[in-house]
Amino acid sequence: MERVTGRSEVKNFAKPDEVREFPKGRVEMLKVGGASVGRATFLPGWRWSESVQPLVKTKSCEAPHFQYHVSGRLHVVMDDGSEFDCGPGDVALLPMGHDAWVVGDEPAVVVDFQGMIDYAKRV
């Protein structure tokens, strides 16, 4: 049996390493064990193409996401035309090339284990 060595590490989103704010939303970033984990909060009325696209200047979201949906609902439209909703308890894998927006009047909160490293960074 191979032995795993290293340091234990615990961080909390109450004290993020970095915070990025954008219209109707924010991302709190943690670096844990060499990985980046982001918690995004999207307020009612948030839409990627209106809130983030002007910052990053790409046609659609180019961040691939692997995320757990904590609360609220997001509607996702892929560049290929497929679309679906994600809600509390869902785990979603979203490749590059999509738009998304909050459905309803509850904030959508997601924890993303892949796509937040450069999310909403101004170019």
Side-chain angles (χ1 to χ4, degrees):
M1 177 184 233
E2 187 174 333
R3 187 172 172 192
V4 178
T5 60
R7 289 186 8 208
S8 297
E9 192 172 355
V10 176
K11 290 196 172 181
N12 191 295
F13 282 113
K15 295 180 182 178
D17 296 318
E18 179 184 359
V19 175
R20 296 182 207 135
E21 296 191 354
F22 43 87
K24 299 182 182 176
R26 67 186 277 141
V27 172
E28 299 148 317
M29 297 295 299
L30 297 177
K31 290 188 187 282
V32 181
S36 294
V37 179
R39 178 176 66 181
T41 302
F42 306 115
L43 301 176
W46 175 87
R47 183 175 183 140
W48 182 90
S49 56
E50 296 170 2
S51 296
V52 181
Q53 191 276 338
L55 303 174
V56 300
K57 304 188 185 321
T58 58
K59 176 182 165 274
S60 56
C61 182
E62 293 184 355
H65 301 288
F66 180 51
Q67 55 193 204
Y68 172 73
H69 292 257
V70 178
S71 62
R73 299 198 72 73
L74 288 178
H75 185 78
V76 179
V77 177
M78 302 302 298
D79 286 355
D80 69 6
S82 61
E83 53 187 284
F84 49 90
D85 285 343
C86 297
D90 288 341
V91 175
L93 178 64
L94 305 177
M96 298 170 61
H98 56 272
D99 192 6
W101 57 87
V102 172
V103 175
D105 50 356
E106 179 183 356
V109 177
V110 301
V111 176
D112 196 305
F113 296 93
Q114 179 178 330
M116 295 299 187
I117 294 170
D118 293 321
Y119 191 83
K121 282 191 174 179
R122 297 177 189 273
V123 292

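One is the number of the first residue; the rest follow in order along the sequence.
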### Task
For the pair F22 and F42, name the ring-plane relationship: parallel under 30°, tilted 30 to 60°, perpendicular over 60°.
tilted
Quick check: are there more than 12 heavy atoms from other residues, nucleotides or ligands sitting under 6.0 Å from [atom1] of [X]?
X: F66; atom1: CZ; result: no
X: D105; atom1: CG; result: no
X: K31; atom1: NZ; result: no

Between [atom1] of [X] and [atom2] of [Y], what distance do you get to the nearest 0.5 Å?
X: C86; Y: H69; atom1: SG; atom2: NE2; answer: 4.0 Å
X: T58; Y: Q53; atom1: OG1; atom2: CD; answer: 6.0 Å
X: L43; Y: R26; atom1: CG; atom2: CZ; answer: 10.0 Å
X: M116; Y: R20; atom1: CE; atom2: CZ; answer: 9.0 Å
X: D112; Y: R39; atom1: CG; atom2: CZ; answer: 13.0 Å
X: S49; Y: K59; atom1: OG; atom2: NZ; answer: 11.0 Å

Quick check: is [Y] connected to [X] through a chain of hydrophobic side chains (ILVMFWY, heavy atoms under 4.5 Å apart)?
X: F113; Y: V32; answer: yes
X: V91; Y: V110; answer: no
X: L93; Y: M96; answer: no
X: M78; Y: V103; answer: no

Looking only at heavy atoms, which two atoms of [X] and [Y] are closest? And how far apart?
X: R47; Y: W101; result: NH2-CZ3, 3.0 Å
X: V102; Y: E106; result: CG1-O, 3.6 Å
X: P88; Y: G72; result: CD-O, 3.3 Å
X: G38; Y: M29; result: CA-SD, 3.7 Å
X: S60; Y: G97; result: OG-CA, 3.4 Å
X: V27; Y: A40; result: CG2-CB, 3.9 Å

### Message
For a side chain to side chain contact (heavy atoms under 4.5 Å, CB included) check, start with the C-alpha distance between E83 and H75, then their side-chain angles and the critical distance, and finish with the verdict.
### Response
CA-CA 7 Å; E83 53 187 284; H75 185 78; 2.7 Å; yes
### Query
Between the side chain of N12 and the main-chain N/O of A14, is any donor-acceptor distance below 3.5 Å?
yes
### Message
Determine whether D99 and V76 satisfy the following criterion, side chain to side chain contact (heavy atoms under 4.5 Å, CB included), listing intermediate values before the conclusion.
### Response
CA-CA 6 Å; D99 192 6; V76 179; over 6 Å; no
### Task
Might you work through the side chain to side chain contact (heavy atoms under 4.5 Å, CB included) test for L74 and W46, ending with a clear yes or no?
CA-CA 10 Å; L74 288 178; W46 175 87; 4.0 Å; yes
### Task
State which residue, out of K11, E18, E9, fulfils the side-chain contact (heavy atoms from CB on, under 4.5 Å) condition with L30.
K11
### Query
Yes or no on side chain to side chain contact (heavy atoms under 4.5 Å, CB included) for E50 and K24, after CA distance, side-chain angles and deciding distance?
CA-CA 10 Å; E50 296 170 2; K24 299 182 182 176; 5.7 Å; no
